[in-house]
Each structure stands twice: as C-alpha cells, then as structure tokens.
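Protein chains get the first letters and strands the later ones, always in sequence-line order, with residue 1 at the start of each.
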Amino acid sequence: MSEEKKPTNFLQDIVEEDLKGGMPKKNLGFRFPPEPNGYLHIGHVKAMSISFGLGEQYQAPVNLRFDDTNPAKEEDEYVRAIQEDIQWLGFQWAEVRYSSDYFQQLYDWAVKMIKAGTAYVDSQSSEAMAEQKGTPTKPGVAGPYRDRSVEENLELFDKMKRGEFEEGKHVLRAKIDMEHTNMLMRDPIMYRVVNKAHHRTGTEWHIYPMYDWAHGQSDYLEGISHSLCSLEFMPHRELYDWFLDQIKDDEKPLPKQREFARLNIDYTVMSKRKLLALVESGTVAGWDDPRMPTIAAMRRRGYPPQALRNFVERVGVTRRENVIELSLLEYFVREELNRTATRVMAVLDPVKVVITNYPEGETEYLSTENNPEDENAGTRELPFGRELYIERADFKEEANRKFFRLTLGKEVRLKSAYIIKGESVVKDTEGNITEIHVTYDPKSKSGSGTEESLRKVKGTLHWVAAEQAVSLEVRQYDRLFMDEAPDGHKDKEFTEFLNPDSLQLIQAYGEPSLKDRAVGERVQFQRLGYFVVDPDTDAEKTVYNKTVGLKDNWAKKTH
RNA sequence: UGCCCGAUGGUGUAACUGGCAACACGUCUGAUUUUGGUUCAGAAGAGUCUAGGUUCGAGCCCUAGUCGGGCAACCA
C-alpha cells in the first residue's frame, strides 16, 4: 500500500527549502526554550511537537533550553516539573542547556559592542526612557546619555556588573535608531541591574540580560538553525537579526527565527501569568489541579500523553490565530482510552435494588470482559448477590418507550449478569425511593448461551453488589470557565467567568477491583466515562478523577 | 493616524509549480451492539472577506479596500 501523504506545514517547507538551498543537513538544530517560571501547558505541547517533531524528522538535535534570564520569577521547582512533563509526553531532547550558561559570553559580547559604539549605559528612570521612546505612531527621541564616551560606558557597565548600583539606576542599551518604525529597535535594553539570587548562578551576577539580547545569541552558541516561536515574537525578529549581526563571526551559520500561531482552546485561559494567579489565589489546588490546562493537570486528570500529541498534530501549524474546540481534545482522549481502558463497574448515584427471588446470603462470581475493544485484555470475576446498587437515573416507575432502562413491569439486563424485571418500589415518608424490588430470571445468565440469556431486552445497566461494594471518592470535573473566551473581554477579568461547579465530590460505590488499582491507572466506569486513580489515594480512601464522559446521545436529545 | 501579521463550512486544517474545494472534529439520519460507548453506512453544511485585474481557467498571481490580531514591560 502506498503511504498516505501527510500535508506538510509551512515550517517544514522552510526547512526543506533551506536544505535545497544548500544548507547541509548536519547544520540543522532546534530547541525548546521554556522559561522556568511556571508549568508547561497544552500550548507548549504544540510548540514541542513542532520543534521535537522536526528534530525527529531530520534526525537533528533538539535542545531543551531553560530561558532563565530573570531571577525574580524563576525557580528550580519549575525546571524539575518541566523536564518531567516533557519526558511524560515522550519527547527526547539532545542536551539540557540554560541561558545562564552563556552569561559570561553575553557579557563579553556586550563589552565588545560598547567598544564598537553600538551599546551604551543609560542612567535615566524607566519613566523618562519610556517617554523618549515615543509610541507606535510617534517616533522616539534620543536621551541625554546616548552619546556617552566609550570609556565612561565601560566603567559604568563594569560597576553595574560588580553590584555597585541599586536596581533601576542604570541599564545597558543597544544603540540602534530611536525613530525606527519598530518600537523594539528604539535602543532596546540589553541589561538591567537585578540584585537577586539566581537559581543557578547564585549571587555571581548583578546584571541580567534581557530576552532579546539572550535568545538569539543562545541559539547561535548552540548551533540552532531554526528558532521557532509563537507569533507574538514576530516583531522581535528584526532585533534578533540585528543582534546576531553585531556578534557573528563569518564561519558559523546564523540561526533564523520563524513564528507560528500559538494554540488556543475555548473555555480556557492559556497564559502562564493567569494560571499562576489561579494557583496563588487558591482558586485551584495547584498547577496540577485537574481543571487546569497544564500538562501536569491533564496527566492527573487521566489524559494519555498520546492523546495530547495526536491532538496538537491534528490541529496543525499555521500563522493564523485559532481557537480550537475543547471537543476535539476530548475526542482524542476518548479515542485513546476506548482502546486501552479496562471496563469496570461503579455507581455514582446509588439506589438499592433487592432481587426478591435470589437466595439470601448467597454470593456468586460472574465473569466479565476487561475490554471488548481488546481481545487480549482478558476477563475478571465480579461478585453478585441479592442486593445491588444501580444508578438512581436508571430507574423510573413509569416511562415512555424511549427510556431503555429499568421500569416497573419491564425487563432489562444487568451487564454481565442476569435479566431482571421491576416489581415494586419502597419509599420513605417523603416519597423518595429507597429500594427497588425486582425478580431475576436464573436462566438468563450472561454468556450461558441459554435461550433465556439470548432474548432481547430494551437496555443494559451497570451495577455493583452491595455487600462487596467499595466506597470511592469520585472527583467530577467540569470546565473551569463558563465563557468561551474568559480572557477575551476588555472590560472584565477572566476570573469573573469561573464556573462555581467545576468540581463536584461524589461518594460512590465500586466493584472490589477498584480498591487496589495503581495511582494513574485509567479505567472506564461503564456507561459513565473514563476515570483515573488520583495520587491522593491512600490506605484510607480511594480517589478517582473523572477524565471525560462517554459520548452521550441520549442525554443530548433529552436536554 | 505609522509599522508588522492574517483572512477557506460551526471549529481546525488541506488543495503539487493556477485545472471546477478535501480531511478531521462537531451536527443530523439509519444499522449493529449485553456500555444510549465503540463500529459501520449515509446526509446537511463553505463556493474560499470585498471589488477590480492577469489568464482558456484563480482559493492560489497582481492592485486597492474591508475586517481581525499584534507593536509604547528594566517580562519571556
């Protein structure tokens, strides 16, 4: 069979053209450059998929580079978490690097620029500099320190480095063009004084490079050929190239920055700043709260790594802004889980069923398949007895013929067990049903092959034997925000759209096997959805998180 | 009153160097089913932002406009 040709995206086309244009394949290099100031989210999966994907395609190295140029925001915890997430997704980096590895080289280059007259120390307040910078429609003007002598610049810069100044007193700026149409070219800041400890270099430095000054040079030092980033960096490209021009030697090829549109998903926020705010305010339990769009949260929620990768691959890569429907992500999660998750029985909203013609005190074990989608998944035994639990919603005293569940006088099958018939109900003084009395057909046992077992009934219910049922804490999640674009309203804070019912705690009953499943194991509660064992599980309690529900056409129609 | 991006069904992406718009999700039918899941069969839904132009022929090329996004952090 011929392979189906996958369409290429514009970034692959760029690489391909560079190769055709004579770039040796061995010069190819990519990088994934997160700032360790928060956890990675689903948007980063797209970025990773692009750069790691290209690396895989061309067998070129992909570095993991922590862009750690701002000690005020960055922490080791994030470095650790980011590596864990990347490994969980299955991407492989060539080397771990840090922008801070290059602080000395960057400093030396800065000195060289000062000597060349292309960088100077500015000693004004940030307000004054902002004033001189102009606006997008108004050109900037030169500040009073722009033409300081090389000697004075060198001396001041050296003192900045040695920690002789307070933060904010001086900065080093590139001398480009205060009237440039691109604001970033109006003498951008290269260094600022920061008297804080850095997570790796400690107190060695008192000056730290800005993003624009560090990023391209780091790419250059690592031999990155294609530095791929999101659209917001588009205007930075000009500066990126300008800085490279100042420091390049003629031997080494220059990296090129290219931009793609970042991933957005409806009903969610994707900025690290906003996610941090949710964590710090206690709105969610942490970066890995299953309602968050972070990789750690999705892992805890039960999303398989392959589902995330399939998702971002399907979404594609272009330069236009996009908002993906959450249902697409959920589709890939279900697709993966349908293939792999063991089917189990659990009842989330139990009501007791008594089989009046089943012998009291007796228990039998029934065989049930682990996964009808996987022949090799095997079977397991389920206890069955006179008293059971079923879902409250699976019974109505009377119902129309569209109701494929238990009613009085009609038959349904209990999954992997027997056919039962509703006979009567017991109610409390307020009229709530406390027990449903039914009779069963002993000859209708599942898989027995008897004529009785083969007869058609209008529905099949899941159930749990009351005596052997184990209690479960089930955490059912709904979307965190009720608005399609929580951060898309100019006059409203995204937090105004928080869904008050995004977390529902449920005490449920499950079959015995649910007690001893490993943390992280994903199962399907039959007819309900996919669930995963939460790390909060311990000797006392068993906790399951709802990953995603099954598709439910009936609920949709009756809604 | 500037500069830079972008514009294809509800959503996202395709359409080789121009050859009568495809795929996935979603929606709707029907079949199968011991999960109202899965699977299978099928349907509806855009004529590609607008107006000109080039061409035998334009979603692809050109021009002008419209609309959307971005650009004034000692963040990345």
Undergrad: Give the nucleotide from the list B:G36, B:G12, B:A14 with an atom nearest to the side chain of A:T318.
TA: B:A14

Undergrad: Can you tell me if the side-chain N/O atoms of A:R192 get under 4.0 Å from OP1 or OP2 in B:A76?
TA: yes

Undergrad: Need one value for A:S327: base, sugar-phosphate or nothing, where a base atom within 4.0 Å counts as base even if backbone is also close, heavy atoms only.
TA: sugar-phosphate

Undergrad: Between A:N37 and B:C75, is there a side-chain N or O to OP1/OP2 distance below 4.0 Å?
TA: no

Undergrad: Please determine whether ring pair (Phe, Tyr, Trp, His ring centres under 6.0 Å) holds for the pair A:F233 and A:Y211, giving the CA-CA distance in whole Å, both sets of side-chain angles, and the decisive distance to 0.1 Å.
TA: CA-CA 11 Å; A:F233 291 96; A:Y211 166 83; 5.0 Å; yes

Undergrad: Taking O4'-C1'-N9-C4 for purines and O4'-C1'-N1-C2 for pyrimidines, is B:G47 syn (within 90° of 0) or anti?
TA: syn

Undergrad: Using a cut-off of 4.0 Å on non-hydrogen atoms, how would the nucleic acid contact of A:R319 be classed: base, sugar-phosphate, or nothing?
TA: sugar-phosphate

Undergrad: Need one value for A:P33: base, sugar-phosphate or nothing, where a base atom within 4.0 Å counts as base even if backbone is also close, heavy atoms only.
TA: nothing

Undergrad: So A:R343, base contact, sugar-phosphate only, or nothing? Heavy-atom distance under 4.0 Å.
TA: base

Undergrad: Going by centres under 5.5 angstrom and planes under 30 degrees, do the aromatic ring of A:Y211 and the base ring of B:A76 stack?
TA: no

Undergrad: Where is the tightest heavy-atom contact between A:M345 and A:E511, given as atom of each residue plus distance?
TA: N-OE1, 2.9 Å

Undergrad: Can you confirm if the aromatic rings of A:Y107 and A:F157 lie within a centre distance of less than 6.0 Å?
TA: yes

Undergrad: Pick base, sugar-phosphate or nothing for A:V323, based on heavy-atom distances below 4.0 Å to the nucleic acid.
TA: sugar-phosphate

Undergrad: Would you measure the distance from the C1' atom in B:C49 across to the matching atom in B:G57 and give it in whole Å?
TA: 22 Å

Undergrad: Classify the side chain of A:R413 and the base of B:U34 as holding, or not holding, a donor-acceptor pair under 3.5 Å.
TA: yes

Undergrad: Any N or O donor-acceptor pair under 3.5 Å from the base of B:G36 to the side chain of A:R405?
TA: yes

Undergrad: Counting any heavy atom closer than 4.0 Å, what does A:M210 reach on the DNA or RNA strands: base, sugar-phosphate only, or nothing?
TA: sugar-phosphate

Undergrad: Please give the distance between the P atoms of B:U13 and B:U8 as a whole number of Å.
TA: 8 Å

Undergrad: Parallel, tilted or perpendicular for A:Y240 and A:H215, by the 30°/60° rule?
TA: tilted

Undergrad: With a 4.0 Å cut-off on N to O distance, would you call A:E391 and A:R527 a salt bridge?
TA: no

Undergrad: Distance check, C1' atoms only: B:G45 and B:U29, in whole angstrom units.
TA: 15 Å

Undergrad: Tell me: CD of A:Q526 to C1' of B:U38, nearest whole Å?
TA: 12 Å

Undergrad: By nearest atom, which of the nucleotides B:U35, B:C74, B:G10 is closest to the A:E325 side chain?
TA: B:G10

